Each structure stands twice: as structure tokens, then as C-alpha cells.
Amino acid sequence: MSTIPWQDRPENSKDVMWRYSENPIIDRYSIPSSNSIFNSAVVPFGDGYAGVFRCDNKAVQMNIFAGFSKDGINWDINHEPIEMKSGNTEMIESAYKYDPRVVWIEDRYWITWCNGYNGPTIGIGYTFDFKEFFQCENAFLPFNRNGVLFPQKINGKYAMLSRPSDNGHTPFGDIWISYSPDMKYWGEHRLVMKPSPFEQSAWQCTKVGAGPIPILTNEGWLMIYHGVINTCNGFRYAMGSALLDVDSPDQVKYRTQPYLLGPAETYEMVGDVPNVVFPCAALHDTEEDKLAVYYGAADTHVAIAFGKLSEVIQFTKDNSL
């Protein structure tokens, strides 16, 4: 038995990824103060799972909260936001925190999020136990979003994907990679991936951004990402996948032309921000060939989708731009 959350593909379904039948797994009102809970990250922890959750309160103040689960489906989320202590800096100012990612690297869990410091930038912190948290220097100047760390050093350096942006609802966005010797100073910025031409793959023609922590496979780094099209009714977010070179992840080997999952269910199409599938975390079991992706649905709930890891990889190769 796999230890990650799982539900078999529905009978007669040929989709490469399919939704959990009991979605959404976290309701917008799961803690007393919340207006919405979405775009959140989870990792294996102890005999279950821990996570960092975006919870916007009823004043729509954005913050991140710790949570715990035995099965990865049913979650107990703390009712108070994470309080940060000083890590590698005394400057831990934060007007808001949202869209976290979490990854284990070497000896601790690292958290990245969109941090409010004179505009959105990439905040970094760490924890050993999901009880005490330490905030470090922001990775980049404003404006930036979607900071996603790789789970191991590449050529001896920490590596992070990000999406430089502007101060609002950015009508553009490319995926970049940056490197650091110490999780404090970042440089060697390289372009990874741009939006596609409208004629070739319109669902990702406006902007793209990294999603869950990349997964190391025999075919390269599997990067689940979101793509956006600007429609007559606003932005529409869907989920795709790419394979990056293992040693030079700025090199894209394959990239899906069709999306893996797009907003189609009511909980993805109706909410605070309609028509959004926004992946932020993934659990995988290579031996069992299983992949579980957590995603924000309509900026309101947390949902989960499943797929066979080998099938997602093959789909990415067979349906590449």
C-alpha cells in the first residue's frame, strides 16, 4: 500500500490526471477566522503530513498557517498564523504572506512564499518541527512571485524557480531559475520558460509559474506549473507539466501543449476568483507510480488530483510543444 493519498482512476476515464471524488478536501471556512483557504503546501512529516496553508481572513488579510494530517486528506489547521522568529536576518518585515511552498532539504523544512515587503517578493523561512519558524532574508527585490525551491542542491548550490512580476495582477510572467550558496544571497538568474504563442497553446499564452517542488525522475526534473490565458471574463488558470534537464534545469526538454487539468468542476469555476486550478504541492511514490497534486480551486478551497507518475511523464513527452 502506498502511504500517499490515493484514489484509483474512475472507470471509463482516460484522463492523465483525475480529481478526488470528495473534493474540495479543505473548505474555505475550516478555521473560524477564514474567508478562504487555498494555494497551500504539504510534505510528509512524522507518521503523517504537515503543511503550510494560505488562509485569508474575513478582512481578506493574507497569511500562512501550519496544519497537520494523518492521511493527507483530513487536516487540522492551527487557528492562529505562523509567528516568525529571526533566522539569518533581523529584517523580517512582512505586510502579507501567501501561496507557500514547503520542501525538505538536508536537515530542515524550507518554506517559500510571496512576501509583502514594499510589494510582493519571495520570502524564505525554515522549521524543524512546524511549531517554531524562522524567517530569512527575502530572496529577491520586488516584484516577484511563485518562489519554488528544488529539493536538493544543483552543482553544489541551492536552486529556486520564480516568476518576476509587477505590483498588481500581472499580465505577464516567465519562469526563471536562480542559485544561492547559502540561502541568503541569490544570483546567476537564467530564463527557464516563457508563455507559449497563442496559436500553439492558448491556455498558457499570458503567463506561466512554477507550482509544486520539482520531482527528480529518470527523464529529468518534473515541474508541475500553472499557465494562464486572459479571456474576455478574466484570467483562467490551468495546470501543465514540463521536464527540465537534471544538471541544467534552465533547459526545458519537454513541455505539455494541452493542459493536465483545467477548471471544470463547480468548485474550480465558482469562488472568490473563478476559473482557477493553481497547483502548489505534490506527493509522489516512485515505487507505487503514484502522484498526488494539491491545488487551489477558485482561490477558495484546497483540492487534490491524482495521476500515475509514469503516465504524466510520458504524456509530457508525447504532447510537447
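Note that the coordinates shown come from a computational prediction; the quantities given were computed from them, not determined experimentally.
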Original post:
Distance only, no hydrogens: is a donor on one side chain within 3.5 Å (strictly under) of an acceptor on the other, for R236 and T231?
Top reply: no
**OP:** Establish whether V52 and M183 are linked, either directly or via other cluster members, by ILVMFWY side-chain heavy-atom contacts under 4.5 Å.
**Re:** no
Original post:
So, do S162 and V148 sit near enough that their side-chain heavy atoms are less than 4.5 Å apart?
Top reply: no
Original post:
Is the F235 ring parallel, tilted or perpendicular to the Y237 ring (thresholds 30°, 60°)?
Top reply: perpendicular
Original post:
Can you check whether G125's main-chain N or O pairs, donor with acceptor, with W113's side chain at less than 3.5 Å?
Top reply: no
**OP:** Hey, can you tell me if H189 and F140 have their rings parallel, tilted or perpendicular (30° and 60° cut-offs)?
**Re:** perpendicular
Original post:
Hey, does N63 have a side-chain heavy atom less than 4.5 Å from the side chain of F65?
Top reply: yes
Original post:
Taking the side chain from Q204 and the backbone from T256, do they hold a donor-acceptor pair closer than 3.5 Å?
Top reply: yes
Original post:
Where do H226 and V277 land on the side chain to side chain contact (heavy atoms under 4.5 Å, CB included) test, with the steps shown first?
Top reply: CA-CA 8 Å; H226 66 262; V277 167; over 6 Å; no
**OP:** Determine the minimum heavy-atom distance between G168 and R145, stating which atoms define it.
**Re:** O-NH2, 3.1 Å
Subject >> Flag side-chain contact, heavy atom, 4.5 Å: I73 against Y20 >> reply: yes
Subject >> Heavy-atom neighbours of K253 NZ exceed 12 at 6.0 Å >> reply: yes
Original post:
Do L243 and V208 belong together in a cluster built from hydrophobic side chains that touch within less than 4.5 Å?
Top reply: no
Original post:
Judged by atom type as modelled, is there a donor-acceptor pair below 3.5 Å linking the side chain of T170 to the main-chain atoms of S165?
Top reply: no
Original post:
Between the side chain of R9 and the main-chain N/O of G307, is any donor-acceptor distance below 3.5 Å?
Top reply: no
**OP:** Check the pair R19, Y295 against side chain to side chain contact (heavy atoms under 4.5 Å, CB included), reporting the backbone distance first and the verdict last.
**Re:** CA-CA 11 Å; R19 296 166 176 83; Y295 64 95; 3.8 Å; yes
**OP:** Can you see which heavy atom on A59 is nearest to which on N57, and at what distance?
**Re:** N-OD1, 2.9 Å
Original post:
Side chains of D56 and Q61: does their closest heavy-atom pair fall under 4.5 Å?
Top reply: no
Original post:
Any luck finding a side-chain donor-acceptor pair between N39 and D99 under 3.5 Å?
Top reply: yes
Original post:
With distance as the sole criterion, is a donor-acceptor pair present between the side chains of W203 and S201 under 3.5 Å?
Top reply: yes
Subject >> Heavy-atom neighbours of E83 CD exceed 12 at 6.0 Å >> reply: no
**OP:** Before giving the answer on ring pair (Phe, Tyr, Trp, His ring centres under 6.0 Å), spell out for Y126 and F134 the whole-Å C-alpha distance, their side-chain angles and the decisive distance to 0.1 Å.
**Re:** CA-CA 5 Å; Y126 63 85; F134 299 87; 5.2 Å; yes
Subject >> Main-chain N/O of I215 paired with W221 side-chain donor or acceptor, under 3.5 Å >> reply: no
**OP:** Mark yes when over 12 heavy atoms from residues, nucleotides or ligands other than F143 sit less than 6.0 Å from its CZ; otherwise mark no.
**Re:** yes
Subject >> Nearest-0.5 Å distance that lies between atom OH in Y225 and atom CG in L244 >> reply: 10.5 Å
**OP:** Kindly check if the number of other-residue, nucleotide or ligand heavy atoms within 6.0 Å of NZ (K157) is above 12?
**Re:** no
Original post:
Looking at I111, L283, I213, V102, which one forms a side chain to side chain contact (heavy atoms under 4.5 Å, CB included) with V43?
Top reply: V102
**OP:** Search all heavy atoms of L260 against all heavy atoms of M17 and return the closest pair with its distance.
**Re:** CD1-SD, 4.0 Å
**OP:** Using modelled atom types only, decide if a donor and an acceptor are shared between the side chain of S34 and the backbone of C55 within a distance under 3.5 Å.
**Re:** no
Subject >> Between CD on residue Q200 and CG on residue L321, distance to nearest 0.5 Å >> reply: 6.0 Å
Subject >> Over all atoms of both residues, closest heavy-atom pair of C205 and P195 >> reply: O-CB, 3.5 Å
Original post:
Could you walk me through whether F38 and F278 pass the ring pair (Phe, Tyr, Trp, His ring centres under 6.0 Å) check?
Top reply: CA-CA 9 Å; F38 59 106; F278 192 95; 8.4 Å; no
Original post:
Would a 4.5 Å heavy-atom cut-off, applied to side chains only, mark L309 and L222 as touching?
Top reply: yes
Original post:
Do V276 and I229 sit in the same hydrophobic cluster, where Ile, Leu, Val, Met, Phe, Trp and Tyr count as joined when their side-chain heavy atoms come under 4.5 Å apart?
Top reply: no
Subject >> Whether Q314 side chain and S310 backbone form a donor-acceptor pair below 3.5 Å >> reply: no
Original post:
Do the non-hydrogen side-chain atoms of F315 and P258 ever get within less than 4.5 Å of each other?
Top reply: yes
Original post:
Once you round to the nearest 0.5 Å, how far does CD1 of I4 lie from CD of E288?
Top reply: 8.5 Å
Original post:
To the nearest 0.5 Å, how far apart are NE2 in H79 and CD1 in I31?
Top reply: 6.5 Å
Subject >> Exercise: do D272 and N35 side chains pair donor with acceptor under 3.5 Å >> reply: yes
Original post:
Are the side chain of N23 and the backbone of I304 linked by a donor-acceptor contact shorter than 3.5 Å?
Top reply: yes
**OP:** Could you verify whether a donor N or O on one side chain and an acceptor N or O on the other, from S94 and N115, lie under 3.5 Å apart?
**Re:** yes
**OP:** Please check if V103 and F128 belong to a single hydrophobic cluster, counting links between Ile, Leu, Val, Met, Phe, Trp and Tyr side chain heavy atoms closer than 4.5 Å.
**Re:** yes
**OP:** Go through the steps for W176 and L191 under the test side chain to side chain contact (heavy atoms under 4.5 Å, CB included), then give the verdict.
**Re:** CA-CA 4 Å; W176 287 71; L191 177 66; 3.7 Å; yes
Original post:
Heavy-atom distance under 4.5 Å between the side chains of D182 and Y158, does that happen here?
Top reply: no
**OP:** Give, for atom CD1 of I224 and atom SG of C280, the distance between the pair rounded to the nearest 0.5 Å.
**Re:** 12.5 Å
Original post:
Does a donor on one side chain sit under 3.5 Å from an acceptor on the other, for S69 and D71?
Top reply: yes
**OP:** Verify the cluster assignment for F68 and I26: are they in a single hydrophobic cluster under the rule of side-chain heavy atoms below 4.5 Å apart?
**Re:** no
Original post:
Got a second to check how far M193's CE is from R163's CZ, nearest 0.5 Å?
Top reply: 11.5 Å
**OP:** Examine distances only and state if a side-chain atom of S320 and a backbone atom of R255 form a donor-acceptor pair shorter than 3.5 Å.
**Re:** yes
Original post:
Are F45 and W104 close enough that some pair of their side-chain heavy atoms sits under 4.5 Å apart?
Top reply: no
**OP:** Keeping the roles fixed (side chain from K290, backbone from W6), state whether a donor-acceptor pair exists under 3.5 Å.
**Re:** no
**OP:** Verify the neighbour count for atom CG of D107: are there more than 12 heavy atoms of other residues, nucleotides or ligands below 6.0 Å?
**Re:** yes
**OP:** Assess the side chains of Y254 and E219: does a donor N or O sit below 3.5 Å from an acceptor N or O?
**Re:** no
Original post:
Looking only at heavy atoms, which two atoms of Y179 and E188 are closest? And how far apart?
Top reply: CD1-O, 3.6 Å
Subject >> Distance-only donor-acceptor check, side chains R28 and Y267, under 3.5 Å >> reply: no
**OP:** List the steps, then state whether side chain to side chain contact (heavy atoms under 4.5 Å, CB included) holds for N146 with R101.
**Re:** CA-CA 9 Å; N146 297 302; R101 274 77 164 181; 3.1 Å; yes
Subject >> Over all atoms of both residues, closest heavy-atom pair of A66 and F133 >> reply: CB-CZ, 4.1 Å
Original post:
More than 12 foreign heavy atoms under 6.0 Å from CG of D76: is that the case here?
Top reply: no
Original post:
Parallel, tilted or perpendicular for Y109 and F130, by the 30°/60° rule?
Top reply: tilted
